[in-house]
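Okay, structure first, notes after.
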2 protein chains.
Amino acid sequence: MRADYVTRPREAVAEVLRAERRFFSANEIHRALSRRDAKVSLSTVYRTLEYLYAKGDATVRRDDSGESTYMHCVPEHHHHHAICQRCGRVEDVDCDAIERFAESLRSIHGFELDGHRMEFLGRCRACR
Amino acid sequence: MRADYVTRPREAVAEVLRAERRFFSANEIHRALSRRDAKVSLSTVYRTLEYLYAKGDATVRRDDSGESTYMHCVPEHHHHHAICQRCGRVEDVDCDAIERFAESLRSIHGFELDGHRMEFLGRCRACR
DNA sequence: ATATTTGCAAATAATTTGCACGTAA
DNA sequence: TTACGTGCAAATTATTTGCAAATAT
């Protein structure tokens with residue numbers, strides 16, 4: 001893993017990410033920083049996102065167009081996301097029932113489970 | 001949508017897809033065809049996959065590296081996939097309970113649901 | 001005949017990499 | 001000081017597109 005140097009570009013990228021609870025593409029972050037004083041090269045944005053992800057400070061998600069998008073996060077228990085298709089805001093969805101169901105796959109299909117992934121797409125309360 | 005001309009490239013791509021119940025990348029299909037007599041250009045493979053998808057004869061999935069992968073399918077009810085991480089074989093997972101849970105999101109989070117996506121990753125019975 | 005697909009080469013778009021230079025520790 | 005991050009330009013990878021030639025109807 002990369003060393004934990006505290007640098008201006010890293011702080012700048014992390015700040016953009018922390019500003020809103022939604023997924024950002026490398027490009028969005030790059031453009032956001034270009035608008036302000038804080039110019040950071042696109043490749044550094046990519047490297048920083050990778051770094052933050054490795055550190056556990058960000059989650060990744062491939063959107064439908066295949067772009068990687070990143071969201072700030074704090075290390076926490078396993079959960080799923082409800083993503084608003086209008087404002088992009090992300091809500092966490094906890095559900096032990098789903099976890100239990102996932103486990104039951106083993107008996108239903110003889111499927112040894114390593115992991116699972118779920119996403120709920122729709123409109124949040126505010127955007128409805 | 002594209003017209004339903006029956007052509008050698010289309011038949012060839014569909015044949016590869018039908019041969020195994022797993023997701024194929026455009027490249028895999030292209031290489032598979034190159035090995036045999038049936039050479040088809042990579043761009044045609046892409047166009048054909050898009051065509052098959054539009055027709056409802058294939059499903060798409062972005063794998064973790066961001067590549068689009070396609071699997072042959074027949075029009076059927078909504079379900080989820082259990083994907084073997086070793087052989088790539090895909091099993092369908094039906095679960096009304098999960099559907100109901102997804103719907104309940106509306107009351108739990110005030111989230112108006114358009115759709116949801118789930119994937120189970122692990123080892124199938126044969127690969128365990 | 002004529003609409004449509006195909007192959008090829010060139011264009012895009014997202015991402016990665018090599019390397020000289022700047023900077024945090 | 002010196003190990004490590006940064007910027008830039010070039011490379012890579014997946015995918016798309018324009019267009020003339022081939023083919024299905």
Side-chain angles (χ1 to χ4, degrees), chain A residues 1-18 22-72 88, chain B residues 1-18 22-71 83 88:
Chain A
M1 214 223 272
R2 290 172 198 261
D4 283 328
Y5 279 36
V6 176
T7 68
R8 189 193 56 99
R10 284 183 177 180
E11 306 245 82
V13 170
E15 191 186 334
V16 172
L17 229 42
R18 275 191 308 255
R22 65 175 185 87
F23 286 92
F24 291 86
S25 70
N27 239 303
E28 275 181 299
I29 294 174
H30 182 244
R31 283 201 312 274
L33 293 175
S34 296
R35 268 185 249 109
R36 319 180 189 183
D37 42 42
K39 316 244 182 209
V40 174
S41 81
L42 183 56
S43 25
T44 296
V45 172
Y46 274 109
R47 283 184 283 223
T48 303
L49 289 172
E50 186 204 323
Y51 162 76
L52 292 173
Y53 175 70
K55 251 184 91 181
D57 287 355
T59 349
V60 207
R61 169 180 124 89
R62 296 256 173 199
D63 71 10
D64 286 318
S65 76
E67 244 184 321
S68 293
T69 55
Y70 296 80
M71 181 172 69
H72 169 251
Chain B
M1 212 220 274
R2 291 171 197 263
D4 283 328
Y5 280 37
V6 176
T7 69
R8 187 194 57 99
R10 284 183 176 178
E11 307 244 81
V13 170
E15 192 186 333
V16 172
L17 229 41
R18 275 191 308 256
R22 64 175 184 88
F23 287 92
F24 290 86
S25 70
N27 239 303
E28 274 181 300
I29 295 175
H30 182 244
R31 283 200 311 273
L33 293 175
S34 295
R35 266 184 251 110
R36 319 179 188 182
D37 41 44
K39 314 243 183 211
V40 174
S41 81
L42 183 54
S43 25
T44 297
V45 172
Y46 274 108
R47 284 183 284 223
T48 302
L49 290 172
E50 184 204 325
Y51 162 75
L52 293 173
Y53 174 70
K55 252 184 90 184
D57 287 354
T59 349
V60 208
R61 171 180 122 88
R62 297 256 172 198
D63 72 8
D64 285 319
S65 76
E67 245 184 321
S68 294
T69 56
Y70 295 80
M71 181 171 69
I83 304 168

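Quick note on labels: first sequence line is chain A, next is B, and so on, each numbered from 1. What you see is a predicted model, and the numbers here were worked out from it, not measured in a lab.
One atom, CZ of Arg62(B), and another, P of dA14(C), lie 11 Å apart when rounded to the nearest Å. When rounded to the nearest whole Å, the span between OH of Tyr53(B) and P of dT15(D) equals 15 Å. The CG atom of Asp64(B) sits 16 Å away from the C1' atom of dA14(D) (whole-angstrom rounding). One interatomic measurement links the two molecules: CD of Glu67(A) to P of dT15(D), which rounds to 14 Å at whole-angstrom precision. Atom OH in Tyr51(A) sits about 14 Å away from atom P in dA24(C), given to the nearest Å. One atom, CG of Leu33(A), and another, P of dG7(D), lie 10 Å apart when rounded to the nearest Å. Put simply, CD on Glu11(B) is 14 Å from C1' on dT5(C), counting in whole angstrom units. Between the C1' atom of dA14(D) and the CD atom of Glu28(B) lies a distance of 14 Å, rounded to the nearest Å.
Within the 4.0 Å cut-off from OP1 or OP2 of dA24(C), not a single side-chain nitrogen or oxygen of Thr7(A) is found. An OP1 or OP2 oxygen of dT5(C) is reached within less than 4.0 angstrom by a side-chain nitrogen or oxygen of Arg10(B). OP1 or OP2 of dG7(C) has at least one side-chain nitrogen or oxygen of Arg8(B) nearer than 4.0 Å.
Note on Ser25(A): nothing from the nucleic acid sits closer than 4.0 angstrom, heavy atoms only. Looking at heavy-atom distances under 4.0 Å, Ser43(B) makes contact with a base.
Of the options Thr59(A), Asp57(A), Val60(A), a side-chain contact (heavy atoms from CB on, under 4.5 Å) to Leu52(A) is made by Asp57(A) and by none of the others.
When each of dC19(D), dT15(C), dC4(D) is scored by its nearest atom to the side-chain atoms of Ser68(A), the top-ranked nucleotide is dT15(C). Closest to the side chain of Ala26(A), from the set dG7(C), dT15(C), dG7(D), is dT15(C). Here the side chain of Thr44(B) is nearest to one of dT15(D), dG5(D), dG7(C), namely dG7(C).
Mapping Tyr46(B) and Asp4(B) onto DNA chain D by nearest heavy atom places Tyr46(B) closer to the 5' end of the strand. With the nearest nucleotide of DNA chain D identified for both Val6(B) and Leu42(B), Leu42(B) has the one nearer the 5' end.
When all heavy atoms of Phe24(A) and Leu17(A) are compared, the closest pair comes out as CD1-CD1, 3.7 Å. The two atoms that bring Phe23(A) and Glu28(A) nearest to each other are O-OE1, 3.8 Å, heavy atoms only.
Between Glu11(A) and Thr48(A) there is no side-chain heavy-atom pair separated by less than 4.5 Å. The shortest side-chain heavy-atom distance between Lys55(A) and Arg2(A) does not fall under the 4.5 Å cut-off.
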